[in-house]
Amino acid sequence: MRVLVLHGPNLGLLGLREPSIYGTEGLAEIDGRLTALAAELGIEVECRQSNHEGVLLDWIAEAAPQPNGAPRRFDALVINPGAYTHTSIALRDAVSAVGVPAVEVHLSNVQAREKFRRRSWLAPVCVGTVAGFGPDSYALGLRAVVGYERARAAK
Ligand code: DQA
């Protein structure tokens, strides 16, 4: 199983950005932890970050069904869409279009913050959301999507 982990806008600044909200761990450390967890789970993970909505859309499209029955390049998604969570119908449509299980993750508890963060356009097309556990949100999200996809494939 190959899982694509996507970090959206401003997440390249983790460790420096508002540490009281997002903590002091940088993205490289988070990705390192996810790579170690992937080995433990017996899967492959690829982690990418972009500030650009269109780039994120193109990356999500890599999980789409391939022509002539070739295997998909990714079997599941873990995505922290950053502020695009609250604005991007295009990201929602992309996740919905590719048809692989996706888990939305947030470092902070978005429900406990400003009102505008309470709405996610992506949540309805994801199998679930993990928010509020700092970098552990990603690890929990990865475990969850792997468990979900394994159970689905075993049916
Ligand atoms: C975030 C929450 C978003 O509301 C915010 O815009 C971010 C980070 C989080 O991980 O807590 O950029 O996705």
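As the structure lists them, so they are numbered: ligands from 1, and atoms in each ligand from 1.
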Residue Tyr22 vicinity, atoms of ligand 1 by number, heavy atom under 4.0 Å: 5 (C), 7 (C), 8 (C), 9 (C), 11 (O)
Residue and atom name of the nearest protein heavy atom (relative to atom 11 (O) of ligand 1), distance in Å to one decimal: Ser108 OG, 2.6 Å
Proximity of Arg118 to ligand 1 by residue part, where a heavy atom lies under 4.0 Å: neither
Minimum-distance protein heavy atom relative to atom 1 (C) of ligand 1: His106 ND1, 3.6 Å
Location of contacts on Val110 toward ligand 1, heavy atoms closer than 4.0 Å: side chain
Pairs where residues 51-70 contributes a residue and the test side-chain hydrogen bond (donor to acceptor under 3.5 Å, both in side chains) is met, not counting sequence neighbours: Arg48-Glu62, Gln49-Asn51, Glu53-Ser88
Residue pairs passing the side-chain hydrogen bond (donor to acceptor under 3.5 Å, both in side chains) test where at least one lies in residues 121-132, sequence neighbours excluded: none
Ligand 1 contact by Glu104, heavy-atom criterion under 4.0 angstrom: no
Atoms in ligand 1 flagged as close to His86, the criterion being non-hydrogen separation under 4.0 Å: 3 (C), 4 (O)
Close side-chain approach of Val105 and Ile79, heavy atoms under 4.5 Å: no
Ion pair check, Glu104 and Arg92, cut-off under 4.0 Å: no
For ligand 1, the portion of Arg117 having any non-hydrogen atom under 4.0 Å away: side chain
Ligand 1 contact on Leu107 by region, counting heavy-atom pairs under 4.0 Å: both
Close side-chain approach of Leu107 and Leu11, heavy atoms under 4.5 Å: yes
Pick from His7, Glu18, Glu114, Arg17: the one approaching atom 12 (O) of ligand 1 most closely through a non-hydrogen atom: Arg17
Close approach, Asn80 and ligand 1, non-hydrogen under 4.0 angstrom: yes
